[in-house]
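Here is the naming used below: chain letters follow the sequence lines, and residue numbers restart at 1 for every chain.
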Number of protein chains: 2
Amino acid sequence: MKKKELQGVKEIARRANVTIATVDRVIHNRAGVSVKTREKITKIIEELNYQPNMLARRLASGKIIKLAVLIPSVTEETEFWDAPLRGIQRAKTEISQYGLQVDSFFFDLSNKQSFIDQANAILESAVDGIVLAPTFIQEARTFAAACNTKGIPYVFIDSTLPDQQNLSYIGPPLFQSGYLAGKLSTYALREKSQLLVVNIATAIESYTYKETEEGFRAYFTDHLKPYPILRVDIHQTDEKSVFRNLQPLFESNPAIDALFVTNSRSFLVARFLEKMNPAPKPLLIGYDLVKENAKYLDNGLIDFLICHQPEDQGYRSIMTLYQFLIFSKAIDKEQYMPIDIVTRENQAFYRN
Amino acid sequence: MKKKELQGVKEIARRANVTIATVDRVIHNRAGVSVKTREKITKIIEELNYQPNMLARRLASGKIIKLAVLIPSVTEETEFWDAPLRGIQRAKTEISQYGLQVDSFFFDLSNKQSFIDQANAILESAVDGIVLAPTFIQEARTFAAACNTKGIPYVFIDSTLPDQQNLSYIGPPLFQSGYLAGKLSTYALREKSQLLVVNIATAIESYTYKETEEGFRAYFTDHLKPYPILRVDIHQTDEKSVFRNLQPLFESNPAIDALFVTNSRSFLVARFLEKMNPAPKPLLIGYDLVKENAKYLDNGLIDFLICHQPEDQGYRSIMTLYQFLIFSKAIDKEQYMPIDIVTRENQAFYRN
DNA sequence: CTGAAAGCGCTTACAG
DNA sequence: CTGAAAGCGCTTACAG
């Protein structure tokens, strides 16, 4: 005699004396429902505190969400990007069956035009969301503006730009990771020590390097340690250029006891140290557990690598867009990664 | 004319010339399928690299998986366990709509009987899987044996026991984290330094402490650094006992330049150092970013905390059982957490 | 403006 | 040992 209570839309439909099709129209705010019916159904939905079953929803709707990823291509020298790509791949595998499609576009870190071209390709392909490494400031701004116009949400990965309408930034807290590097370098300092900050990149003007170096310097300011901090900007990323720039520095500054390389190219500096005769042995801090860095961590030339779980950055970028697009979830505009310290002793267990 | 390819079980059924019911039987290894049919279907499943649609699966099956968690209760003094519990909670929220139920049972770390009682309560409640902190060796063994008999899978969290049939161990690589502590402590060492290992626990005989300390000592052996390493075992976890044990040690050994506390109770040691007059300032390394430790990290009395993402340990424990029970996934018997180094400078970004 | 029906990819009785 | 059918909670044409 007891009527078993129906679930979800069916129960709503029963109470409202309509069919589930009408209920569905109300739930999705679709046109074609009389005001009266709409009100009645809305009320019931509230009464029941109805929560849609997302499983059923995804299953029934054939809709596919298309995401695009625009990041640097992986080369031996920019191996870093292999990790985010793996994370993106993992996210893709996990949720592709829930109606997600991810297309990856790659640009050449030493070629702005390649960024522009790929960005345009994405804009033409009608996507629902974008993961973007905004390496080239102006070009990324232009691209972001285009996305704003089209109403396409985008998240920044690994580095960010100020004053943008990005849905989120997923990457390191730059200033603080530089700050930590400052602290770590103090373990090598003596009375008369000098420090050296090394920037190696074709796009050193990037906001990233400035922030990082400022953090590094702030540590010494905050702690009233007025060691001289030298700086060298190397605009070519080949071994020769690095050697050519570092050699004179080391010759005229024998008291450099700690080196901070502001990106993953610390292995280039390690190679330089290795070849010097006599080999100096300053404390060397770099970024990212790429293969070449791991090698020098192992043989002791690199002391610390600061890492930001790059695989997880990729994974989270995709997941963030997915949560936003499918579940309309509220998203934190800043999703800072932890600042991990990787040494020879713990690197085997690091989740890169 | 082109036949649209069917999805999933339907496509398999079509190719095998059977109905989806039979396909379902094979997928779930249910009895009542001829060897021939089973083989044919299995082959097709492999060919198609079939991945079941979990959405559909969960939607169609009303089944609920019941998991039980048996971990220490959270007190000010065992605050560590708050983090795994949060992770468990997060996993629960994420997948409860996919048919998961998690019940938590807590025991008192200073009361073996409470462990036994809760363990029995779990055994009586008919669960499908168990997350277990095997703090009390003998009692945990007995419980594990009972689970083996009943065929209930269980995973160890945070610490482990040798030679058990646990589905997995999710926790730190103890030896290596001690080893890293050895390395870190060298930053404070001078010519005549002494080191001190401090164990504070009611159950010091635990395998955990031995492993950790061995790792610590191994670092010095491996690197031919024959510093004297003192050791103190404090069997009471109250402040007074800690003070009473440490005081004479520091009075007779003024050259203790580095201290290694083998669990989360490093804040007790920091409190001791704080109150000494004159206050010594050795390098202090402990475990876990619990509130009291964070406080001493901040004011500089603790230098390094080694952490193992306790929140994630909880999350993974649940997810591991879920993957195993729902997807029949193969599970790694060892799931080592990374060995994280937390300092004052990076703690704000640590995912505890 | 509203409804009847098919279907998403599975699972679950039940029938034979 | 195998199949036919109903149903999980939704969405999507299509009909009226």
Under the criterion salt bridge (Lys or Arg N to Asp or Glu O under 4.0 Å), I'd like the reasoning laid out for A/Lys43 against A/Glu39: C-alpha separation, chi angles, the key distance, then a yes or no. CA-CA 6 Å; A/Lys43 196 157 156 253; A/Glu39 275 171 359; over 6 Å; no
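Contacts of A/Gly8 with the nucleic acid, taken as non-hydrogen atoms under 4.0 Å apart, involve only primed sugar atoms and P, OP1 or OP2.
Separating the NE2 atom of A/His28 from the P atom of D/dG9 is a distance of 16 Å, rounded to the nearest angstrom. In this structure, CZ of A/Arg14 is placed 14 Å from P of D/dG9, rounded to the nearest angstrom. Taking atom CD1 on A/Ile20 and atom P on C/dA5, their separation rounds to 12 Å, with Å as the unit. Rounded to whole Å, atom P of C/dC1 lies 19 Å from atom CG of A/Asn17. The distance between atom CZ of A/Arg25 and atom P of C/dT2, rounded to the nearest whole Å, is 8 Å. Per the geometry, NZ belonging to A/Lys63 stands 10 Å off C1' belonging to D/dT12, to the nearest Å. As rounded to whole Å, 14 Å separates atom C1' of D/dC10 from atom CD1 of A/Ile326. One can place CD1 of A/Ile41 at 14 Å from P of D/dC10, the figure rounded to the nearest angstrom.
The stretch residues 46-61 of chain B comes close to DNA chain D through B/Leu59, B/Ala60, each having a heavy atom under 4.0 Å from the strand.
Atom CD of A/Gln101 is surrounded by more than 12 heavy atoms from other residues, nucleotides or ligands within 6.0 Å.
The phosphate of D/dC1 (OP1 or OP2) has no side-chain N or O of B/Thr37 nearer than 4.0 angstrom. For A/Lys10 and D/dC8, the shortest distance from a side-chain N or O to OP1 or OP2 is below 4.0 Å. Remark: B/Thr22 is not in phosphate contact with D/dT2, judged by side-chain N or O atoms under 4.0 Å from OP1 or OP2.
Tested against A/Glu311 for a salt bridge (charged side-chain N to carboxylate O under 4.0 Å, His left out), the candidates A/Arg90, A/Arg351, A/Arg86, A/Arg316 yield a single pass: A/Arg90. Partner B/Val33 forms a side-chain contact (heavy atoms from CB on, under 4.5 Å) with one of B/Val35, B/Asn29, B/Thr37 and no other, that one being B/Thr37. Tested against A/Phe106 for a side-chain contact (heavy atoms from CB on, under 4.5 Å), the candidates A/Ser114, A/Ser73, A/Pro72 yield a single pass: A/Ser73.
Among residues at least two apart or in separate chains, there is no salt bridge (Lys or Arg N to Asp or Glu O under 4.0 Å) pair with a member in residues 149-158 of chain A.
Taken together, the paired segments of DNA chain C that extend over three or more consecutive Watson-Crick or G-U pairs, each closer than 3.5 Å at both contacts, are C:1-3 with D:14-16, C:5-12 with D:5-12, C:14-16 with D:1-3.
Smallest separation of non-hydrogen atoms from B/Pro338 and B/Gln309: CG-OE1, 3.4 Å.
A centroid separation of 6.0 Å or more is found between the aromatic rings of B/Phe105 and B/Phe107.
Contact of the B/Val69 side chain with the B/Ile318 side chain is registered, since non-hydrogen atoms from C-beta on lie closer than 4.5 Å.
Each of D/dT2, D/dG3, D/dT12 was ranked by its minimum atom distance to the side chain of B/Ser34; first place goes to D/dT2.
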